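Inspection log for the structure reproduced underneath, given as structure tokens.
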Amino acid sequence: MCKSAARASLPPAERVDAGTGEPPLTHVRLVWRGGVQEDWLRFGKPVEERILDRRTRIESYAPGQVFALVRWASNDYGTIRSAFAIARAVSIGDPLTTLPQVDPGAQILLSVKGWPKVRQAFALIDAIEEHGIDPCDVAPDHWRHVHNRLAAGMQARSYSPARHRAWLRRRKLQS
């Protein structure tokens with residue numbers, strides 16, 4: 001079966017029930033069809049996980065949690081999509097942006113398309129992790145900075161442990 005035929009056999013995306021629990025969760029649908037559509041999370045700490053079938057699962061995030069979604073797809077001629085987004089789950093009433101496979105949407109902190117920019121974003125995340133910093137806890141402003149720099153084709157500033165300590169103190173003061 002060619003990849004195009006495999007894609008045509010995918011079931012239609014259905015809206016995920018937001019549930020009745022508090023707080024409302026943000027659901028991320030991940031599909032893994034090797035060589036056709038491969039979605040995965042670069043980082044994130046879901047509060048719930050639901051496996052729909054052997055190729056599809058849904059991970060849920062509480063408001064304020066940050067996750068990084070990688071979406072890749074190909075057809076018979078090669079890669080047709082490489083997309084990467086770092087997003088923050090939102091509460092009811094918070095502004096959000098729709099994002100494919102994310103229900104109802106999220107606050108997008110970083111979004112890049114095309115493998116060269118996705119690879120640059122991965123390298124920046126790797127550098128952060130080398131300092132022992134969890135990318136989920138990085139200051140949202142840093143992800144916005146990285147988004148803007150990558151969009152402009154410029155070098156992003158590094159995220160140092162001193163910057164991270166300053167962010168943690170600021171967050172503690174705001175809470």
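All values reported here derive from a predicted model rather than from experimental measurement.
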Could you list the donor-acceptor pairs under 3.5 angstrom formed between side-chain atoms of residues 87-96 and any protein atom two or more places apart in sequence or on another chain?
{"unit_1": "Arg88", "atom_1": "NE", "unit_2": "Gln107", "atom_2": "OE1", "d": "2.9"}
{"unit_1": "Arg88", "atom_1": "NH2", "unit_2": "Gln107", "atom_2": "OE1", "d": "2.6"}
{"unit_1": "Asp94", "atom_1": "OD2", "unit_2": "Ser91", "atom_2": "N", "d": "3.1"}

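No salt bridge links Arg33 with Glu38; every basic N to acidic carboxylate O contact stays at or beyond 4.0 Å. In summary, Glu129 and Arg42 engage in a salt bridge, as defined by a charged side-chain N under 4.0 Å from a carboxylate O. Residues Arg29 and Asp39 are not paired through a salt bridge, judged by the lack of any N-O separation under 4.0 Å between the basic side chain and the carboxylate.
For the atom pair CZ of Arg165 and CD1 of Ile133, the computed distance is 8.5 Å after rounding to the nearest 0.5 Å. Within the model, atoms CG of Leu52 and CZ of Arg57 stand 10.5 Å from one another, a figure rounded to the nearest 0.5 Å. To the nearest 0.5 angstrom, Asp141 atom CG is 12.5 Å from Trp143 atom CH2. Residue His27 holds its NE2 atom at 7.0 Å from CD of Glu48, rounded to the nearest 0.5 Å. Interatomic distance, Gln65 CD to Ser60 OG, rounded to the nearest 0.5 Å: 10.0 Å. His145 contributes atom NE2, which lies 12.0 Å from atom OH of Tyr159 (distance to the nearest 0.5 angstrom).
When all heavy atoms of Ala106 and Phe67 are compared, the pair lying nearest together is CB-CZ, 4.4 Å.
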Check step by step if side-chain contact (heavy atoms from CB on, under 4.5 Å) holds for Thr56 and Trp32. CA-CA 6 Å; Thr56 308; Trp32 188 274; over 6 Å; no
Start with the C-alpha gap between Leu69 and Phe84, add the side-chain angles, then the distance that decides, and say whether side-chain contact (heavy atoms from CB on, under 4.5 Å) holds. CA-CA 6 Å; Leu69 174 64; Phe84 177 65; over 6 Å; no
Please test Leu25 against Val47 for side-chain contact (heavy atoms from CB on, under 4.5 Å), starting from the C-alpha separation and ending with a verdict. CA-CA 9 Å; Leu25 300 176; Val47 294; 3.8 Å; yes
Apply the test side-chain contact (heavy atoms from CB on, under 4.5 Å) to residues Asp137 and His164: give CA-CA distance (whole Å), side-chain angles for both, the deciding distance (0.1 Å), then the verdict. CA-CA 8 Å; Asp137 294 332; His164 187 61; 3.9 Å; yes
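Inspection of the Thr79 and Trp72 side chains reveals an N or O donor paired with an N or O acceptor under 3.5 Å.
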